[in-house]
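Atoms within each ligand, like the ligands themselves, are counted from 1 in listed order. When reading the values below, keep in mind they use all heavy atoms of this one structure, side chains included, and skip hydrogens, waters and symmetry mates.
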Amino acid sequence: MIKSAIVPVAGHGTRLLPATKSQPKEMLPVARKPIVQYVVEELVKNGIEQILFVTGRSKTSIENHFDHDPELARALHASNKHDLLSELDFEEMRTHFFYTRQRLQKGLGDAILCGENFAGEDAFLVALGDSILGLNASSRVVTRMAEIFEAKRASCVIAVEEVPPEETGHYGIVQPEHLDGDAFRVVDLIEKPAPEEAPSNLAIAGRYVFSPLIFDMIRRIQPDKRGEIQITDAIRLLCEEGKRVMAVKLPPGEKRYDIGNFPSYFETFVEFALADPVHGAAFRKVLERLLAGQ
Ligand code: UTP
């Protein structure tokens, strides 16, 4: 069982400016909750017991969000707002939260390296703080990844999802040894390949299980043209050294919602709002009216 997760949330989120000028993109709301709350809820459902957030400047609202707020709780109690109090149930999660800072935003690989002491000698999960898996964070893929990690004695397991072949240029794409069921070995990874150069249409979906071996790989790779240390390069190094890197496909009907750019943020917000148990039906009518141009 994997019990620890590193959630990197230190990126600048430049693609979502000005919304992210003074607040983390991971705290932007999707329907009722901030994005990062969905991520935490998914991890807890999958048995994660301790989470390290790798944060940066202007990210303190993430710590505040997961902290207990006794003053707010007292005020809600006093005014009998029990329904609102229950919306804050997540504060009672038994998960332990830890925080560390990435001082300079030198890429995802560097952010993960900030979790080396936290991970210690054990395998751990990395979950991107700007990606929700499954509608309302319903995904169990992380549990499946942990099973594959142990069964195959892997050094790394990556969650992947099928993307339209013409869109491979937006994603990190894996090269499978051969496709066989929902889990298979990866022999290479390519960052944002043009469709004609892509070895598959299977894109890295924001969840990784690693053995602590990855930290050495991260230290050994060079920064890219933009000065960022890319985790895909470190995983490539694992492949080159003959270590077993596996991929697990998201099950059919399960999607990765990447909130890092406006088109997919808008789409995710609308899809989650439509699924809202209280307001979804009325919102659908509003949307239909707007689309009909009235
Ligand atoms: P992105 O690649 O979307 O990076 O990071 P970004 O820098 O936030 O976004 P843009 O390109 O400027 O719009 C994926 C995840 O990795 C984290 C981000 O916070 C996000 O959750 N990250 C990225 C870090 O923690 N540190 C970094 O140096 C880069």
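Protein heavy atom closest to atom 4 (O) of ligand 1, with residue, atom name and distance, is Lys25 NZ, 3.9 Å. For atom 25 (O) of ligand 1, the closest non-hydrogen atom on the protein side is Ala10 N, 2.9 Å. Pro8 O, 3.0 Å is the protein heavy atom nearest to atom 21 (O) of ligand 1. The shortest contact between atom 23 (C) of ligand 1 and any protein heavy atom is with Gly11 CA, 3.8 Å. Looking from atom 26 (N) of ligand 1 to the surrounding protein, the closest heavy atom is Gln102 OE1, 2.7 Å. The protein heavy-atom contact nearest to atom 28 (O) of ligand 1 is Gly107 N, 2.8 Å. Scanning the protein for heavy atoms near atom 14 (C) of ligand 1, the closest one is Asp130 OD2, 3.8 Å. For atom 10 (P) of ligand 1, the closest non-hydrogen atom on the protein side is Thr14 OG1, 3.3 Å.
Of the N and O atoms on the side chains of Ser155 and Arg244, not one donor lies less than 3.5 Å from an acceptor on the other residue. A donor-acceptor contact closer than 3.5 angstrom is absent between the side chains of Ser264 and Asp258. Between the side chains of Asn80 and His82, at least one donor N or O sits under 3.5 Å from an acceptor N or O. At a cut-off of 3.5 Å, with distance as the only test, no side-chain donor of Glu267 or Tyr257 sits close to an acceptor on the other residue.
Looking at Val54, Leu108, Asp110, it is Leu108 that brings a heavy atom closest to atom 16 (O) of ligand 1. Between the choices His12, Glu228, Arg15, the shortest heavy-atom distance to atom 2 (O) of ligand 1 belongs to Arg15.
Ring geometry for Tyr208 against Phe210 counts as parallel: the plane angle stays under 30°, on a 0 to 90° scale with 60° as the upper cut.
Counting the atoms of ligand 1 from 1 in the order shown, those under 4.0 Å from a heavy atom of Ala111 are 24 (C), 25 (O), 26 (N). Near Gly129, meaning under 4.0 Å from any of its heavy atoms, are these atoms of ligand 1: 21 (O). Proximity to Glu26 (heavy-atom distance under 4.0 Å) selects the following atoms of ligand 1: 18 (C), 19 (O), 20 (C), 21 (O). Applying the 4.0 Å criterion to heavy atoms of Lys106 picks out, from ligand 1, the atoms 28 (O).
Taking CE of Met217 as the reference point, atom CG of Leu238 lies at 5.0 Å (rounded to 0.5 Å). Taken to the nearest 0.5 Å, the NE2 atom of His65 stands 5.0 Å off from the CE atom of Met27.
Geometrically, ligand 1 and Leu16 share no nitrogen or oxygen pair separated by less than 3.5 Å.
Ring centroid separation for the pair Phe124 and Phe215 comes in under the 6.0 Å cut-off.
Under 4.0 Å is where a charged nitrogen must lie from a carboxylate oxygen, and between Arg140 and Glu254 no such pair does.
Here the side chain of Thr20 pairs a donor or acceptor atom with the backbone of Gly13 at under 3.5 angstrom.
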